Amino acid sequence: MAKIVAKKSLGQNFLQDDSVIENIVIQAGVNPDTDVLEIGPGLGAVTDLLVERARNVVAVEIDDRLYHNLVKKHGCRENFKIINADILETDLSEIVTDNMIVVANLPYYITTPIITKLVENPCGLKSLTVMVQLEVAKRICADHTQKDYGAISVFCNYHCDTELLFTVPPEAFDPIPKVTSAVMKLRFREEKAVTPKNEKQFFSVVKAAFSNRRKTLANCLMQSFSLSREEAVGLITSCGLSETVRGEKLSLLDFCNLSDRMCDRTN
Ligand code: SAM
């Protein structure tokens, strides 16, 4: 078969480093009782190990050439199923089984939409062990004491316990990407990190707080919720926070308290 040339437009950087592949599969906790969803199996570098070690592997690959290549390679295995589709258009409820785990070297051009889709509606997924750009992993796994903390950190940490596991240098891929990568693990929480009275309100407050990093939280709240300065400052200080605090300094619990105060105010 002719060599498959990587398509940059589909984020194709194929893993070449066996120790990285082994480490991903170990950190994901793959064993003979595990069902795995692999997003973007590519040439099958990770897939080869997954089909050896997992109970079942379902792979979703958008590129027809890679799909046909993997059908040829592993199609006869009973524990392997490959779907030729866009993961963002795929109905997860039709393929995810209880406690299934995601293992993937994600296409970087759509990392955030994929993570958002999986975290928002896990359909029974237990964890995600995924390779992403290092910058993205830092943002997702950050807490309020770190400079990379933002709305995506709050969103992911609300639903999952997040952990940046290890970094991977560009040379581990072919073609070599311009950026450093990292593998992170998101374990879905049995209970959310905090329990706001109104989840929608909680995320509206988070969105408002990070809407302009140069502004204080009070200014962000005034603008997003049409509050007077007195009202915004009153809400903030009633949560034990300084009236000049910036959104990026608030923990998930602070956001929860603030959003609950706002709910109380409107009820
Ligand atoms: N898993 C392989 C590896 O580690 O070598 C390939 C990883 S490569 C970074 C990303 C893979 O995701 C490619 O195979 C690409 O074709 C696939 N892909 C890109 N966009 C996709 C989408 N929307 N849905 C499913 N797969 C996609």
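The structure presented is a predicted model; accordingly, all values stated were derived computationally and were not measured. We count ligands from 1, going down the list as the structure has it; atoms in each ligand are counted the same way.
- With hydrogens and angles ignored, the 3.5 Å screen pairs a side-chain donor or acceptor of Thr216 with a backbone N or O of Asn219.
- Between the side chain of Asn23 and the backbone N or O of Val20 there is no donor-acceptor pair closer than 3.5 Å.
- For Lys192, the NZ atom sits in a packed shell: over 12 heavy atoms of surrounding residues, nucleotides or ligands are nearer than 6.0 Å.
- Polar contact with ligand 1: present for Ile87 (N/O pair, distance under 3.5 Å).
- Taking the ring centroids of Phe210 and Tyr149, they lie under the 6.0 Å cut-off.
- Proximity to Gln12 (heavy-atom distance under 4.0 Å) selects the following atoms of ligand 1: 13 (C), 15 (C), 16 (O).
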Begin from the C-alpha positions of Asn121 and Leu92 and carry the test side chain to side chain contact (heavy atoms under 4.5 Å, CB included) through to its verdict.
CA-CA 8 Å; Asn121 196 5; Leu92 292 179; 5.8 Å; no
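- Crowding of Gln16 atom CD: a count of heavy atoms from other residues, nucleotides or ligands under 6.0 Å exceeding 12.
- Note: no N/O pair closer than 3.5 Å links Asn13 and ligand 1 by distance alone.
- Remark: ligand 1 and Gly40 share an N or O pair separated by less than 3.5 Å (distance only, no angle test).
- Close contacts of ligand 1 with Val60, meaning ligand atoms under 4.0 Å from a residue heavy atom, involve 25 (C), 26 (N).
- Residue-ligand proximity, Phe14 to ligand 1, at heavy-atom distances under 4.0 Å covers atoms 5 (O), 6 (C).
- Within ligand 1, the atoms closer than 4.0 Å to a non-hydrogen atom of Ala85 are 24 (N), 25 (C), numbered from 1 in the order shown.
- Using 4.0 Å as the threshold, Phe173 has no heavy atom nearer than that to any atom of ligand 1.
- Residue Leu106 places a heavy atom under 4.0 Å from ligand 1.
- The distance between the ring centers of Phe255 and Phe203 does not fall below 6.0 angstrom.
- Annotation: Leu15 places an N or O atom under 3.5 Å from an N or O atom of ligand 1; distance criterion only.
- Ranked by closest heavy atom to atom 23 (N) of ligand 1, the top entry among Asp86, Leu50, Thr111, Asn84 is Asp86.
- Considering backbone and side-chain N/O of Asp63, none are found under 3.5 Å from N/O of ligand 1.
- Each of the following atoms of ligand 1 lies closer than 4.0 Å to a heavy atom of Gly11: 8 (S), 9 (C), 10 (C).
- Atom OG in Ser204 sits 8.5 Å away from atom CE in Met262 (nearest 0.5 Å).
- Less than 4.0 angstrom separates some heavy atom of Glu38 from each of these atoms of ligand 1: 1 (N).
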